[in-house]
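This report concerns only the one structure given below.
Below, each value reflects all heavy atoms present in this structure, side chains not excepted, and no hydrogens, waters or symmetry copies.
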Amino acid sequence: MEIERIALPGVGVSYSFVTGDGTRLGVICHPNGARDIALYDRDDPTDVRAAATLSPVAAHHLANLLAATAVIDLVPDGGADVDAVTVARVPVPAGSDYDGRPLGSLRTDAVVVAVLRDGHPDLRPDARRDLRYGDTLVAVGTRDAIDHLGRAVAGYVSGGVTTRQG
């Protein structure tokens, strides 16, 4: 996929691309974090057929909803192999089945050692602590255990337990 980038002095940066079905879609990123989404006319790629303006918070929510997989931010470990212990930050995305559920309801081999909420770490999270969108779990485990945790929190668990792909 080719993404066209155009600087818009005093406005921000425009990014646009053509989807698999031939629709041109664009996003204007403003310096304040706001985003404009534009859907272009198929016959005239310069004509905006529909548009929406998103606040920085709404843009963040939409980005989480559009994410195809869990976002797992691995803490560099110096190149350890797959079976080694890994530390990762796993965000609770918008729409997660775990939003509002207790930490103890997660079934994973990874160990959640901290929950970050609003920039504040809870270094000894209680299993009864309710998770919510925007929380970040700091977990320790093998790469497979971390991957499973990320898929579970995002709603994509292999083995037929949970699947929310649309």
Side-chain angles (χ1 to χ4, degrees), residues 1 3 5 11-17 19 25-38 52-166:
M1 172 186 310
I3 298 175
R5 180 184 188 276
V11 176
V13 179
S14 172
Y15 298 91
S16 64
F17 61 94
T19 65
L25 186 65
V27 177
I28 297 173
C29 301
H30 298 277
N32 68 357
R35 302 288 189 260
D36 295 326
I37 299 175
T53 299
L54 302 175
S55 69
V57 171
H60 182 76
H61 288 299
L62 180 60
N64 276 312
L65 290 171
L66 292 174
T69 59
V71 177
I72 300 174
D73 181 15
L74 294 175
V75 176
D77 63 2
D81 64 30
V82 172
D83 293 328
V85 172
T86 300
V87 178
R89 292 183 293 256
V90 180
V92 177
S96 172
D97 288 340
Y98 288 94
D99 186 2
R101 291 179 56 191
L103 175 63
S105 66
L106 275 169
R107 298 292 174 236
T108 178
D109 290 333
V111 177
V112 176
V113 295
V115 175
L116 307 175
R117 179 175 290 165
D118 300 325
H120 302 287
D122 178 354
L123 300 177
R124 293 187 187 150
D126 187 281
R128 296 172 299 205
R129 178 192 180 117
D130 284 340
L131 298 175
R132 70 177 191 212
Y133 162 69
D135 285 352
T136 299
L137 309 178
V138 178
V140 176
T142 64
R143 176 62 197 231
D144 286 344
I146 298 295
D147 286 344
H148 183 268
L149 172 64
R151 288 190 310 272
V153 170
Y156 309 113
V157 176
S158 60
V161 177
T162 302
T163 303
R164 283 193 345 219
Q165 295 177 339

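Atom CD1 of I28 sits about 11.5 Å away from atom CG of L54, to the nearest 0.5 Å. One finds the CD1 atom of I146 at 7.0 Å from the OG1 atom of T108 (value rounded to the nearest 0.5 Å). The line from CG of D99 to CG of L131 is 8.5 Å long, rounded to the nearest 0.5 Å. Of the inter-residue distances, the one linking S55 atom OG with N32 atom CG reads 9.5 Å to the nearest 0.5 angstrom.
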Would you be so kind as to tabulate the donor-acceptor pairs closer than 3.5 Å made by side chains of residues 111-120, with sequence neighbours excluded?
| residue | atom | partner | partner atom | Å |
| --- | --- | --- | --- | --- |
| R117 | NE | D135 | OD1 | 2.7 |
| R117 | NE | D135 | OD2 | 3.4 |
| R117 | NH2 | D130 | O | 2.8 |
| R117 | NH2 | D135 | OD2 | 2.7 |
| D118 | OD2 | R132 | NH2 | 2.8 |

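Shortest non-hydrogen contact noted between R35 and V27 is CD-CG1, 4.0 Å. In this structure, A110 and A145 approach most closely via the heavy-atom pair N-CB, 3.7 Å. Here the closest heavy-atom approach between residue A139 and residue L149 is recorded as CB-CD2, 3.5 Å. Closest approach of R128 to P102, counting heavy atoms only: O-CB, 3.9 Å. The minimum heavy-atom distance linking Y98 with V153 is given by the pair CD1-CA, 3.9 Å. The two residues Y133 and P93 come nearest to each other via the heavy atoms CD1-C, 3.3 Å.
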Between L103 and D126, is the side-chain contact (heavy atoms from CB on, under 4.5 Å) condition met? List the steps.
CA-CA 7 Å; L103 175 63; D126 187 281; over 6 Å; no

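Contact check for R89 versus L137: no side-chain heavy atoms found under the 4.5 Å cut-off. In this structure, V87 and V138 have side chains that are in contact, with non-hydrogen atoms separated by less than 4.5 Å.
The list of salt bridge (Lys or Arg N to Asp or Glu O under 4.0 Å) pairs with a residue in residues 100-112, not counting sequence neighbours, is empty.
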